[in-house]
Amino acid sequence: MDSGSTDGQDPDHLFADRYTQTIAFALLLARIENVPLADRNFVDVARELKAENTVMGQSLQLLTETVDAEFARRIDTLVQVIDAVDWEAIRARTPDAHVRLYEDFLQEYDRELRTLRHVLHPAPMAMS
């Protein structure tokens, strides 16, 4: 399937949706990796995230380095929500929760996009 295909959907909406999802998941990944989020600028968060997750860290940096004040406030709200997540408690119950997160998110958020993008649980990862 052509990854650039919009399959009849509004390309501006799809871009905005993917842009926002990428920021959200980069911040969530940073939180999972114990990168502090609260009261920090996104460049510092991205730099710290890149140490372990180069692609997502670079994505976060590129997507947040020139945002306007209104969008920055919205991202700050997202940071407050993500920062409240107790990943240690989640991992204690479900060690691979981070692996399944994207599929589960799309199942609730946009089932059609999940099917369209063929998002399935990845193969189990060896945890060290």
Side-chain angles (χ1 to χ4, degrees):
M1 175 179 290
D2 176 10
S3 63
S5 171
T6 61
D7 298 307
Q9 297 180 354
D10 176 25
D12 291 336
H13 173 79
L14 286 175
F15 175 81
D17 194 58
R18 290 174 184 157
Y19 179 94
T20 306
Q21 282 185 41
T22 302
I23 291 172
F25 280 100
L27 291 171
L28 194 54
L29 182 59
R31 180 68 179 86
I32 291 167
E33 296 292 331
N34 296 314
V35 174
L37 301 178
D39 302 319
R40 296 186 68 205
N41 68 52
F42 300 120
V43 172
D44 291 340
V45 172
R47 186 177 302 118
E48 208 169 321
L49 180 58
K50 281 193 289 190
E52 294 295 322
N53 297 281
T54 306
V55 172
M56 290 308 292
Q58 185 68 33
S59 297
L60 180 62
Q61 181 179 347
L62 290 171
L63 296 175
T64 60
E65 64 188 2
T66 57
V67 296
D68 65 21
E70 180 181 340
F71 192 65
R73 281 192 302 276
R74 291 177 182 175
I75 297 173
D76 287 340
T77 300
L78 181 60
V79 165
Q80 290 175 15
V81 172
I82 290 171
D83 224 23
V85 174
D86 183 352
W87 277 102
E88 294 305 315
I90 292 171
R91 282 184 172 163
R93 288 189 317 269
T94 312
D96 67 344
H98 65 290
V99 175
R100 300 177 180 275
L101 186 63
Y102 189 63
E103 180 182 346
D104 293 347
F105 165 76
L106 284 180
Q107 180 66 25
E108 296 301 319
Y109 175 73
D110 191 337
R111 292 174 190 209
E112 185 177 321
L113 181 60
R114 177 179 173 256
T115 302
L116 181 66
R117 295 291 168 215
H118 305 288
V119 176
L120 303 171
H121 285 303
M125 296 171 43
M127 304 300 287
S128 54

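Note that the structure is predicted; figures quoted are calculated from it, not measured.
- Scored by the side-chain hydrogen bond (donor to acceptor under 3.5 Å, both in side chains) test, Asp44 finds Asn41, Arg47 as partners (sequence neighbours excluded).
- Using modelled atom types and a 3.5 Å distance limit, the side chains of Gln80 and Asp76 yield no donor-acceptor pair.
- For Asn53 (side chain) and Met56 (main-chain N/O), no donor-acceptor pair under 3.5 Å exists by modelled atom type.
- Taking every heavy atom of both residues into account, Ile90 and Ala97 meet most closely at CG2-CB, 3.6 Å.
- The two residues Glu48 and Pro36 make their nearest non-hydrogen contact at OE2-CD, 3.7 Å.
- For the residue pair Val67 and Ala72, the shortest heavy atom distance occurs at CG2-CB, 4.0 Å.
- For Leu60 against Phe42, the heavy-atom pair with the smallest separation is CD2-O, 4.4 Å.
- A single hydrophobic cluster is not seen to contain both Leu62 and Val45; linkage of ILVMFWY side chains at heavy-atom distances under 4.5 Å, directly or through other members, places them apart.
- Glu52 meets the side-chain hydrogen bond (donor to acceptor under 3.5 Å, both in side chains) test with no other residue; sequence neighbours excluded.
- Heavy atoms of other residues, nucleotides or ligands lying less than 6.0 angstrom from CG of Asp39 number 12 at most.
- At a threshold of 4.5 Å between side-chain heavy atoms, the hydrophobic network of Ile, Leu, Val, Met, Phe, Trp and Tyr places Val43 and Val35 in two separate groups.
- Summarising the geometry, atom CD belonging to Gln58 is positioned 9.5 Å from atom CG belonging to Leu63; distances are rounded to the nearest 0.5 Å.
- Placement of Val85 and Ile75 within a single hydrophobic cluster is found when ILVMFWY residues are connected by side-chain heavy-atom separations under 4.5 Å, directly or transitively.
- Closest heavy-atom contact between Gly57 and Ala46: O-CB, 3.3 Å.
- Residue Thr64 holds its OG1 atom at 9.0 Å from CZ of Phe71, rounded to the nearest 0.5 Å.
- Distance check: Asp83 CG to Leu37 CG gives 5.0 Å after rounding to the nearest 0.5 Å.
- With rounding to the nearest 0.5 angstrom, the CZ atom of Phe25 is 9.0 Å from the CD1 atom of Ile32.
- Here the CG-CG distance, from Asp17 to Asp12, works out to 12.5 Å after rounding to the nearest 0.5 Å.
- Taking CG of Leu28 as the start and CH2 of Trp87 as the end, the distance is 5.0 Å to the nearest 0.5 Å.
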